[in-house]
Amino acid sequence: MGTRESKQYLLLEDKPIIMHTLEVFERMPLVQEIVLVTGAEDIERCTGWIAQYGLSKVVRVIPGGSERQQSVYKGLMEIGTDWVMVHDGVRPFVEPEHVEACFRKAQRSGAAVLAVKVKDTIKQVSESGTIEATPDRRSLWAIHTPQAFRLSELKKAHEQAEAEGFIGTDDSMLVERMGIPVAVVEGSYTNIKITTPEDLEYAAFMLNRKGEKNT
Ligand SMILES: Nc1ccn([C@@H]2O[C@H](COP(=O)(O)OP(=O)(O)OP(=O)(O)O)[C@@H](O)[C@H]2O)c(=O)n1
Ligand SMILES: C[C@](O)(CO)[C@H](O)COP(=O)(O)O
């Protein structure tokens with residue numbers, strides 16, 4: 001993002017992005033409790049915002065680890081439910097009905113992630129910048145969060161990955177490598193991961209649109 005402030009704390013309509021994200025889950029009857037994993041130095045201000053925005057389902061705010069994977073694992077250790085969903089703090093536009101669909105699918109099949117079909121042709125490119133392969137687009141999906149799992153299986157997958165020194169870019173990868181099938185549930189292209197500066201402009205537009213819909 002290139003900002004001094006971590007992107008999850010940037011303001012969208014005067015509210016930190018992470019609080020917009022938490023509000024989606026707070027309002028869902030399906031969600032029992034939320035554990036927020038953050039930087040140790042951010043716990044105090046996050047706790048303040050949680051009180052300010054009345055997020056009663058956030059039962060704990062805990063410091064993360066050295067990598068995303070360790071942070072998720074630390075979060076899992078604080079969960080008391082049989083099922084868990086892992087979500088990126090910077091995906092505030094996830095639709096509650098898609099969260100619900102992902103969760104229900106996981107309950108039926110064991111594990112599920114939200115995703116969208118890719119629109120572009122995707123190429124595998126070498127370090128020197130030459131195209132090496134063009135995978136068949138019909139089988140390619142861009143994977144989002146939330147990702148839903150049985151808590152015991154996700155914990156086990158994390159422990160196995162840690163023991164083998166494997167680092168994945170999402171939780172599904174860790175579960176997949178245990179041989180557990182993970183179902184894909186079609187979500188929405190608006191469930192962006194706010195990552196680069198132009199995403200902030202899109203996010204402001206999306207928030208405005210959401211506000212107009214609700215009035
Ligand atoms: N110790 C860490 C480091 C990172 N993360 C999370 O892992 C993700 C990826 O972090 P990072 O690799 O720093 O990339 P970006 O967040 O994409 O960084 P940038 O803002 O530079 O795009 C983020 O959701 C971050 O909150 C984490 O939970 N614990
Ligand atoms: C989990 C994820 O959102 C799936 O697309 C993505 O891999 C997270 O990436 P980040 O680098 O941790 O933001």
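Both counts, for ligands and for their atoms, begin at 1 and track the order of listing. What's counted below: heavy atoms across the whole structure, side chains too, no hydrogens, waters or symmetry copies.
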Task: Geometric cation-pi criterion, K193 with F93: 6.0 Å, 45° - done: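 No.
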Going by the order shown, which atoms of ligand 2 are within less than 4.0 Å of some heavy atom of [X]?
X    : answer
I143 : 4 (C), 5 (O)
T145 : 1 (C), 3 (O)
R91  : 2 (C), 3 (O), 4 (C), 5 (O)
D170 : 1 (C)

Task: Verdict with reasoning, R177 to E164, per salt bridge (Lys or Arg N to Asp or Glu O under 4.0 Å) - done: CA-CA 11 Å; R177 61 195 294 281; E164 293 168 7; 2.7 Å; yes
Is there a polar contact, in the sense of an N or O pair closer than 3.5 Å, between [X] and ligand 2?
X    : value
D88  : yes
T169 : yes
R68  : yes

Task: Distance-minimising heavy-atom pair for S109 and A183 - done: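 Looking at all heavy atoms of both residues, the closest pair is OG-CB, 3.7 Å.
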TODO: May I ask you to say whether R27 pairs ionically with E23, meaning some side-chain N is under 4.0 Å from a carboxylate O?
DONE: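 Looking at R27 and E23, the cut-off is met.
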Task: Pair K74 + E78, salt bridge at N-O below 4.0 Å - done: no
Task: Separation of E201 CD from T196 OG1 (nearest 0.5 Å) - done: 10.0 Å
